[in-house]
Amino acid sequence: MNYNIGVGSSLIKLMEMDPKYRTIAYFSMEIGVESDIPTYAGGLGILAGDVLKSSADLGVPIVGITLLYKHGYFKQRIDENGRQVEEPYQWNPEEKLTLLPNEVNVEIEGRPVHVRVWVYEIVGQSGYIVPIYFLDTDYDKNTPEDRTFSWYLYGGDLRYRLCQEMILGIGGLRILRDLGYNNINTFHLNEGHAGFLALELLREQGYVDFAKIKEQVVFTSHTPVPAGHDYFPFELIEKTMSPVFVDYLKQMMPNGGVSMVDFGLKYSRFINAVSKKHREVSKKLYNTESIDYITNGVHSASWTSSNIQKLFDEHMPGWRNDPSRLVMAMKLKDDELWKEHQANKMFLFSKILERTGVELDAEILTIGFARRAVAYKRADLLFKDINRLIDICSGKVQLIFSGKAHPSDEEGKAMIQRVINFSKELSGKIPVIFLENYDMELAGLLTAGVDVWLNTPLRPREASGTSGMKCAHNGVLNLSILDGWWVEGWIEDVTGWAIGPEPTEVELTHYDESKDAEALYKTLEEKVIPLYYQHRDRWISMMKNSIALNASYFNTHRVVREYCERAYKVYQKYY
């Protein structure tokens with residue numbers, strides 16, 4: 001990469017790139033930085049990429065660590081029956097990453113597994129570089145089986161996951177040391193997958209002080225659902241890890257196995273949930289008061305469409321590196337904002353026409369729903385009473401869906417199939433489009449191009465959610481269950497609309513879902529549709545509110561500053 005470095009700043013730039021000046025390492029099982037680097041599955045990975053992008057903009061002394069997945073997550077195709085089909089996603093790392101000469105070993109099942117490393121450099125607004133290191137076992141020094149450990153994200157069985165998490169935690173720390181990062185004092189676990197790095201820290205320090213390890217680790221939990229947490233029985237660990245690591249794991253977690261979340265909770269100096277509501281749920285779930293919260297955000301410059309960016313540049317210069325300036329969005333001109341929104345909408349529709357052959361009408365209210373296809377997110381809630389839906393929305397609303405289900409998630413696949421079946425049933429009454437292969441590029445098109453973003457999770461199972469924040473940056477309004485981030489971002493009829501009651505639950509209990517469907521229909525019929533068609537000036541005012549009140553706060557520049565202040569304990573200049 002080339003940089004324009006002035007004479008007076010060249011020494012500073014060289015110091016910034018020197019590993020000994022980096023003090024924070026950010027470990028994540030997935031990191032999403034580009035659509036063409038398929039090392040992410042959804043919100044967790046894209047959030048990780050956004051955090052590191054904001055860190056580069058702010059000059060935070062951090063590095064990222066993840067695995068390189070040669071086969072990515074998967075490429076999604078929908079067959080003639082509406083069923084998801086997973087196809088391999090082949091990509092060439094040489095086109096995006098640089099292979100480094102460094103190599104380490106991790107002992108797995110009594111043999112050395114060789115780990116090499118690739119680097120991707122994020123260049124911030126001022127030229128500051130944050131490197132992301134991708135760990136790779138797929139080369140000729142390893143056995144054919146061991147080469148597959150860096151093939152699939154969230155693939156394989158429990159043993160495969162354990163091996164991957166050993167490579168990430170143990171191998172990741174060893175690679176950092178081999179690269180010269182010897183002054184890291186904060187290891188941030190973005191979820192528990194890299195928790196085994198604590199074992200490597202113990203090995204480095206002579207297995208003497210668990211408390212000392214705890215003082216070096218920060219842990220972020222992203223899920224309020226116990227089933228989403230990795231748990232490895234000692235029978236499997238004993239077969240897979242070196243005896244010395246097994247011995248110390250038994251001292252650290254003497255209860256028959258290793259929960260990676262419990263590992264993070266027990267051996268971290270700072271623990272956070274990813275929204276205020278998520279903290280309440282997590283405190284109940286884990287029976288502890290020692291959980292803080294830092295509500296998620298998105299990288300503003302990455303998720304604001306190019307034409308909206310130009311509008312912001314003209315009226316709110318400096319917003320890219322200080323998104324809090326978006327609070328001035330109330331001064332945007334109505335006609336200019338609406339013009340750029342309609343341009344985004346027509347661009348999205350042109351892509352839909354290319355993909356599906358279906359032509360949508362840019363004057364019709366368009367509602368989008370796109371996220372990981374899992375049962376609790378209820379993509380099909382809108383179709384609970386299809387006759388009611390037709391009565392309310394026929395001729396007035398068009399719907400766009402997208403999202404992938406995990407290959408082994410039959411409930412998620414069935415939900416996708418139901419949405420597609422409903423689209424056929426509603427043909428000629430309400431246009432319903434399902435777009436295959438949801439990725440970062442498609443997410444950018446949808447979150448800028450629809451009019452309303454729909455979110456319908458079962459309360460209180462949405463830890464945070466970030467897609468609605470991307471929408472807010474483009475003036476797209478949110479219509480959501482009050483869960484996750486929306487509890488904090490929602491002001492009724494100001495930034496968007498709530499579906500159902502204010503949340504009181506802190507446990508994962510079931511309730512009457514028909515009440516949520518009824519609340520959704522009522523809000524569409526009485527608020528959303530009339531406002532869009534009859535009060536365009538008020539609609540545009542809400543678009544401005546969404547930018548000014550939500551985008552100005554729910555961004556990763558604010559998130560990173562909070563981590564710097566409260567978790568990383570780094571210098572004042574970052575916040």
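Note that OG1 of Thr23 is 10.5 Å distant from CZ of Phe187, once rounded to the nearest 0.5 Å. Atom CG in Leu326 sits 7.0 Å away from atom OG1 in Thr304 (nearest 0.5 Å). From Leu479, atom CG reaches atom CG of Leu382 across 9.0 Å, with rounding to the nearest 0.5 Å. Rounding to the nearest 0.5 Å gives a distance of 8.5 Å between SG of Cys471 and CG of Leu446. One finds the CD1 atom of Ile24 at 7.5 Å from the OG atom of Ser55 (value rounded to the nearest 0.5 Å). A distance of 11.0 Å separates CG of Leu189 from OG of Ser221, quoted to the nearest 0.5 Å.
Using a 4.5 Å heavy-atom cutoff, the side chains of Val63 and Ile132 are not in contact. Side-chain atoms of Leu482 and Ile499, non-hydrogen and from C-beta on, never get closer than 4.5 Å to each other. Side-chain contact between Asn478 and Leu454: absent, with no pair of heavy atoms (C-beta onward) separated by less than 4.5 Å. Thr186 has its side chain out of reach of Phe270: every pair of non-hydrogen atoms, C-beta onward, lies at least 4.5 Å apart. When side chains are defined from C-beta on, Leu197 does not count as touching Ile170, because their heavy atoms never get closer than 4.5 Å. No side-chain heavy atom of Lys276 sits under 4.5 Å from any side-chain heavy atom of Trp485. At a threshold of 4.5 Å between non-hydrogen side-chain atoms, the residues Tyr267 and Glu215 do not count as touching. Residues Trp539 and Leu477 have side chains in contact (heavy-atom distance under 4.5 Å, counting atoms from C-beta outward).
By the side-chain hydrogen bond (donor to acceptor under 3.5 Å, both in side chains) test, Tyr154 pairs with Glu30, sequence neighbours left out.
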Checking salt bridge (Lys or Arg N to Asp or Glu O under 4.0 Å) for the pair Glu86/Lys404: CA distance, chi angles, key distance, verdict? CA-CA 9 Å; Glu86 300 90 29; Lys404 293 178 177 179; over 6 Å; no
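Judged purely by distance below 3.5 Å, without hydrogens or angles, the side chains of Trp486 and Glu488 never pair a donor atom with an acceptor atom. No hydrogens or angles considered: nothing links the side chains of Arg378 and Thr456 as a donor-acceptor pair under 3.5 Å. For Asp322 and Ser324, the side-chain atoms include at least one donor-acceptor pair closer than 3.5 Å. Counted by atom type alone, His188 and Thr220 present one or more donor-acceptor pairs between their side chains at under 3.5 Å. Between the side chains of Glu34 and Tyr120, at least one donor N or O lies within less than 3.5 Å of an accepting N or O. No side-chain N or O of Glu436 forms a donor-acceptor pair with one of Gln76 less than 3.5 Å apart. Under 3.5 Å, the side chains of Asn272 and Arg566 contain no donor-acceptor pair of N or O atoms. Side-chain contact check for Glu340 and Asn307: at least one donor-acceptor pair (N or O, by modelled atom type) lies under 3.5 Å. Judged purely by distance below 3.5 Å, without hydrogens or angles, the side chains of Asn545 and Thr495 never pair a donor atom with an acceptor atom. In summary, the side chains of Asp50 and Thr556 do not present any donor paired with an acceptor at a separation below 3.5 Å, with no hydrogens or angles considered. Gln216 and Asn185 are not linked by any side-chain donor-acceptor pair at a separation below 3.5 angstrom, with hydrogens and angles left out of the test.
A donor-acceptor contact shorter than 3.5 Å is absent between the side chain of Tyr73 and the backbone of Tyr89. Put simply, the side chain of Asn296 never gets that close to the backbone of Thr466: no donor and acceptor are under 3.5 Å apart. Although no hydrogens or angles enter the test, the distance criterion places no donor-acceptor pair under 3.5 Å between the side chain of Thr66 and the main chain of Phe134. The backbone N or O of Leu442 sits less than 3.5 Å from a side-chain atom of Asp439, completing a donor-acceptor pair. Here the side chain of Arg325 pairs no donor or acceptor atom with the backbone of Met316 at under 3.5 angstrom. Listed for the Trp319 side chain is no donor-acceptor partner under 3.5 Å among the backbone atoms of Ser300. Distance alone, capped at 3.5 Å, places no donor-acceptor pair between the Asp230 side chain and the Ser259 backbone. Of the possible polar contacts, none joining the Asp262 side chain to the Val258 backbone as a donor-acceptor pair under 3.5 Å is found. A distance-only check finds no donor-acceptor pair linking the side chain of Lys53 to the backbone of Val123 [under 3.5 Å]. Distance alone, capped at 3.5 Å, is enough to place a donor-acceptor pair between the Glu191 side chain and the His222 backbone.
Closest approach of Met260 and His193 over heavy atoms only: CE-O, 4.0 Å. Annotation for Phe219 and Ser268: closest pair CB-OG, 3.2 Å, computed over non-hydrogen atoms. Of all heavy-atom pairs between Ile416 and Ala405, the closest is CD1-N, 3.9 Å. Between Val450 and Val476 the shortest heavy-atom distance is O-CG2, 3.1 Å. Contact record, Ile213 with Leu201: CD1-CB, 3.5 Å, taken as the closest heavy-atom pair. Nearest heavy-atom pair, Ala48 versus Ser28, reported as atom, atom and distance to 0.1 Å: CB-OG, 3.8 Å.
Ionic pairing of Asp483 and Lys277 is not present here: no N-O contact between side-chain nitrogen and carboxylate oxygen is shorter than 4.0 angstrom. Taking 4.0 Å as the cut-off between side-chain N and carboxylate O, Lys384 and Glu518 do not count as a salt-bridged pair. Salt bridge annotation for Lys377-Glu462: present, with a cationic side-chain nitrogen under 4.0 angstrom from a carboxylate oxygen. Note on Arg320 versus Asp313: salt bridge recorded, some NZ/NE/NH1/NH2 to OD/OE distance being below 4.0 Å. One finds no salt bridge joining Glu565 and Arg561 here, because no Lys/Arg side-chain nitrogen approaches an Asp/Glu carboxylate oxygen to under 4.0 Å. Ion pair Arg459/Asp516 flagged as a salt bridge, since at least one NZ, NE, NH1 or NH2 atom sits closer than 4.0 Å to an Asp/Glu carboxylate oxygen. Using a cut-off of 4.0 Å between Lys/Arg side-chain N and Asp/Glu carboxylate O, Glu562 and Arg558 are scored as salt-bridged.
Here the options are Lys284, Arg279, Lys283, the test is salt bridge (charged side-chain N to carboxylate O under 4.0 Å, His left out), and the partner is Glu289; only Lys283 passes.
Tyr40 and Tyr438 have their aromatic ring centers separated by at least 6.0 angstrom. For Phe434 and Phe401, the ring centers sit 6.0 Å or farther from each other. Annotation: His473 is not in aromatic contact with Phe554 [ring centroid separation under 6.0 Å not met]. Side-chain rings of Trp497 and Trp453 stay apart, their centers remaining 6.0 Å or farther from each other.
The aromatic rings of Phe196 and Phe232 are tilted relative to each other, their planes meeting at an angle between 30° and 60°.
The environment of NZ in Lys515 is sparse: at most 12 heavy-atom neighbours from other residues, nucleotides or ligands sit within 6.0 Å. Within 6.0 Å of atom CD in Glu411, 12 or fewer heavy atoms from other residues, nucleotides or ligands are found, so the atom counts as exposed in its surroundings. Within 6.0 Å of CE in Met252 there are more than 12 heavy atoms belonging to other residues, nucleotides or ligands.
Residues in residues 272-300 take part in these ring-ring contact (aromatic ring centres under 6.0 Å, His included) pairs, two or more places apart or across chains: His229-Tyr286, His299-His557.
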